[in-house]
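In what follows, a single structure is set out as structure tokens and then discussed.
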2 protein chains.
Amino acid sequence: MQLSLRSQLLKGILEGCILSIIKQKQTYGYELSVKLQEFGLSDVSEGSIYPILLRLQKENLIVGEMKKSEAGPNRKYYQLTEGGHNALSEFMYQWESIKEPVDRIIDIKGRRS
Amino acid sequence: MQLSLRSQLLKGILEGCILSIIKQKQTYGYELSVKLQEFGLSDVSEGSIYPILLRLQKENLIVGEMKKSEAGPNRKYYQLTEGGHNALSEFMYQWESIKEPVDRIIDIKGRRS
DNA sequence: ATAAGCTACCTTGTTATGCAAAGTAGCTTA
DNA sequence: TAAGCTACTTTGCATAACAAGGTAGCTTAT
């Protein structure tokens, strides 16, 4: 068991989370790693994030733009395309439609009604 | 995109759900496919379920026992081992610790706009 | 200057998992 | 005899997370 249970559970989820964060405002890769950490997705490394960004870009769900940084290396800011907004909607729908059944299944025990 | 978003999201989740259902009471494969359906995990086929059962068995998280059926083919009933109970606990913990951050992330924009 | 440490990006290879698709076979009903 | 449900099994593929490696700019302390 090299890949942790957590890694498996995150499959498909990270992509949606990244789309959602980028939707709020233009964001760059390193910032994403910090934000995900803050939100509580603590073990998500850059080795996960950058490949996702490249993939999203290739699928035309986001577009990137290099910008000068006043301090430190330059940053590549991403924003959603129209396709990205659609993909995020689809993700949110699928997430809800999985979350609810799962909660019902693992909650059965000792619950009223 | 051959594999659906839904398939990706289900990774790691199905295993936990199956453990949870089996914990309630001894259950066999075909029954699981019906129950998952009823709970709302509608596209989960036997091609997913039986491989999971074999895997769980190989990892000593469940044990199976063939029993005669009064109507139809015989059934292989499974129940949790001690390792299975532990694995289920771990799953529930990881599920909660992912669900909450994700809900926070995709909920941000919900109100305004 | 130089080292240390943060910021910021990128790539490769491994591995696990869902599941489509195919197969086998028992029982029931028409 | 056929259809249709029940019930289990196996093979092969696509995909995503991420560890582990790398490059490089900027800042601060020694």
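FYI, side chains are in, hydrogens and waters are out, and symmetry mates aren't considered; it's all heavy atoms of this structure. Per chain, numbering begins at 1; letters A, B, ... match sequence-line order. Predicted, not measured: the structure shown is a model, and the values here were computed from it.
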To check you understand the geometry: which heavy-atom pair defines the closest contact between A:Ser20 and B:Ile106, and what is its length? OG-CA, 3.5 Å

Could you tell me whether the phosphate oxygens of D:dA7, OP1 or OP2, come under 4.0 Å of any side-chain nitrogen or oxygen in B:Tyr28? yes

If you compare every side-chain N and O of B:Lys76 against the phosphate oxygens of D:dT9 (OP1, OP2), does one of them come in below 4.0 Å? yes

Between A:Tyr78 and A:Lys11, whichever has its closest DNA chain C nucleotide further toward 5' is A:Tyr78

For the pair made of CD in B:Gln94 and P in C:dA16, what is the distance, rounded to whole Å? 17 Å

Under 4.0 Å: is that the gap between some side-chain N or O of B:Ser45 and OP1 or OP2 of C:dC19? no

Atom-to-atom span, CD of A:Gln8 to P of C:dA16 - whole angstrom: 8 Å

Roughly how far apart are B:Cys17 SG and B:Lys35 NZ, rounded to 0.5 Å? 13.0 Å

Between CD of B:Gln37 and P of C:dC19 the distance, given in whole Å, is 12 Å

To the nearest Å, how far apart are A:Ile52 CD1 and C:dC9 P? 15 Å

Closest to the A:Arg75 side chain, choosing from D:dA16, D:dT6, C:dC9: C:dC9

Can you confirm whether A:Lys25 is buried at NZ, in the sense that more than 12 heavy atoms of other residues, nucleotides or ligands lie under 6.0 Å from that atom? yes

According to a strict under-4.0 Å criterion, is A:Arg55 in side-chain N/O contact with OP1 or OP2 of D:dA16? yes

Let me spell it out: for each of A:Pro51 and B:Met66, pick the nucleotide of DNA chain D with the closest heavy atom. Which residue's pick is nearer the 5' end? B:Met66

Five-pair end axes of the helix from C:dA1-D:dT30 to C:dA30-D:dT1 and the angle they enclose, rounded to 10°: 10°

Spatial distance of atom CZ (B:Arg75) from atom OG (B:Ser69) [nearest 0.5 Å]: 4.0 Å

Just call it for B:Leu14: base, sugar-phosphate, or nothing, with non-hydrogen atoms closer than 4.0 Å on any strand. sugar-phosphate

Separation of B:Ile49 CD1 from B:Leu53 CG (nearest 0.5 Å): 7.5 Å

Hey, what do you get for CD1 (A:Ile21) to OH (A:Tyr78), rounding to the nearest 0.5 Å? 14.5 Å

Within less than 4.0 Å of OP1 or OP2 of C:dC9, is there a side-chain N or O belonging to A:Tyr50? yes

Rounding to a whole Å, what distance do you find between B:Ile49:CD1 and C:dA21:C1'? 16 Å

Salt bridge between B:Arg55 and B:Glu15, side-chain N to carboxylate O under 4.0 Å? yes

Would you say A:Tyr30 reaches C:dC9's phosphate, i.e. side-chain N/O to OP1/OP2 under 4.0 Å? no

Taking 4.0 angstrom as the limit, do A:Lys99 and A:Glu96 come out as a salt bridge? yes

Hey, does the side chain of A:Ser7 come within less than 4.0 Å of D:dC18's phosphate (OP1/OP2), counting only N and O? yes

Distance in angstrom units between A:Leu41 CG and D:dC18 C1', rounded: 14 Å

Aromatic plane relationship, A:Tyr28 with A:Tyr77 - under 30° parallel, 30 to 60° tilted, over 60° perpendicular: perpendicular

Do nucleotides 20-30 of chain D as a string where each nucleotide becomes B, S or -: B if the base has a protein heavy atom under 4.0 Å, S if just the sugar-phosphate does, - if no protein is that close. B----BS----

Rounded interatomic separation in angstrom, taking CG from B:Leu54 and C1' from D:dT11: 13 Å

Atom pair distance, as rounded to whole Å: CG in B:Leu32 and P in C:dC19: 14 Å

Taking all heavy atoms of B:Leu9 and all of A:Phe91, pick out the closest pair and write down the distance. CD2-CE1, 3.9 Å

